[in-house]
Asks: 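What follows is a structure written as structure tokens; I'll ask about it next.
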Amino acid sequence: DSGVTQTPKHLITATGQRVTLRCSPRSGDLSVYWYQQSLDQGLQFLIQYYNGEERAKGNILERFSAQQFPDLHSELNLSSLELGDSALYFCASSPPGTGVNEQFFGPGTRLTVL
Amino acid sequence: GEDVEQSLFLSVREGDSSVINCTYTDSSSTYLYWYKQEPGAGLQLLTYIFSNMDMKQDQRLTVLLNKKDKHLSLRIADTQTGDSAIYFCAERRAAGNKLTFGGGTRVLVKP
């Protein structure tokens with residue numbers, strides 16, 4: 001158990017819908033990262049937040065957005081869902097001030113778009 | 001992860017050593033990591049190596065880094081059935097904290 005929690009574990013929805021994925025980082029970790037894992041694209045970095053502020057952006061679609069709240073939990077919002085958005089979405093967190101940047105991954109949310 | 005490449009599959013007998021290889025393209029990589037993903041689970045950090053090191057050993061795991069060839073390997077000694085999983089290498093570049101992952105190597109350990 002990494003200490004990172006994600007809810008829900010599974011999500012099944014229809015095309016065109018909007019969903020919110022939630023992540024709680026490990027206690028003391030200020031950074032939260034979102035990744036998408038799909039069969040064709042592999043594991044892709046989406047976005048990073050540090051202490052409430054966006055720090056880095058990767059291959060995140062405009063239909064997707066994220067935020068980190070004052071209590072440091074984070075939400076990833078996916079809208080106008082398409083079949084190709086079906087994937088595993090991981091959240092990771094890392095502690096502040098270490099050069100190593102060990103990222104601890106949550107168990108993931110499996111999104112299925114029908 | 002088009003900048004980080006791994007072979008897709010490795011089959012090994014229980015008790016033998018496994019070697020998983022990875023190549024990367026960015027010479028500014030500062031840290032390189034190995035993660036393990038078991039079925040239905042998230043990624044678990046196994047080990048990492050700083051770019052100015054050639055080798056790091058951690059119990060059954062040995063990481064070798066050839067910076068000149070941009071080649072990273074993970075050796076698992078005395079491979080066990082519980083080592084069956086997908087192994088990802090990842091690099092962290094000088095600018096920023098994001099990790100770029102390879103496509104993963106599925107390791108199957110046969111009894």
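Here is how names work: the chains are called A, B, and so on, in the same order as the sequence lines, proteins then strands, and each is numbered from 1.
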Asks: Report yes or no: do A/Phe45 and A/Val32 belong to one cluster of Ile/Leu/Val/Met/Phe/Trp/Tyr joined by side chain heavy-atom distances under 4.5 Å?
Replies: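 The answer is no; the residues belong to distinct hydrophobic clusters.
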
Asks: Side chain, backbone, both or neither: which part of B/Gln44 has an atom under 4.5 Å from a heavy atom of chain A?
Replies: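 Answer is neither: B/Gln44 stays 4.5 Å or more from chain A.
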
Asks: Does A/Leu83, at its CG atom, have more than 12 non-hydrogen atoms belonging to other residues, nucleotides or ligands within less than 6.0 Å?
Replies: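 Enclosed.
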
Asks: Report the residue from B/Ile86, B/Thr100, B/Leu43 that forms a side chain to side chain contact (heavy atoms under 4.5 Å, CB included) with A/Leu43.
Replies: B/Leu43

Asks: Can you tell me how far CG of A/Leu46 sits from NZ of B/Lys98, rounded to the nearest 0.5 angstrom?
Replies: 10.0 Å

Asks: Which residue out of B/Tyr48, B/Phe88, B/Phe50 racks up the most heavy-atom pairs below 4.5 Å with chain A?
Replies: B/Tyr48

Asks: Roughly how far, to the nearest 0.5 Å, is OG of A/Ser94 from CG of B/Leu99?
Replies: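 So the gap between those two atoms works out to 8.5 Å.
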
Asks: Please answer: with hydrophobic residues joined when any side-chain heavy atoms are less than 4.5 Å apart, are B/Met53 and B/Leu45 in the same cluster?
Replies: yes

Asks: Around A/Arg63, counting heavy atoms of other residues, nucleotides and ligands shown, do more than 12 lie under 6.0 Å from its CZ?
Replies: yes

Asks: Using only non-hydrogen atoms and a strict under-4.5 angstrom cutoff, which residues of residues 63-75 of chain B touch chain A?
Replies: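 Those residues of residues 63-75 of chain B which would need a heavy atom under 4.5 Å from chain A do not exist here.
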
Asks: Counting only heavy atoms closer than 4.5 Å, note whether B/Tyr35 contacts chain A via side chain, backbone, both or neither.
Replies: side chain

Asks: Is A/Tyr35 in contact with chain B via its backbone, its side chain, both, or neither, using a 4.5 Å heavy-atom distance?
Replies: side chain

Asks: If you check every heavy atom in residues 103-114 of chain A against those of chain B, which residues fall under 4.5 Å?
Replies: A/Gln103, A/Phe105, A/Gly106, A/Pro107

Asks: Among the clusters formed by ILVMFWY side chains lying less than 4.5 Å apart, do B/Tyr87 and B/Met55 turn up in the same one?
Replies: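 Result: no, two separate clusters.
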
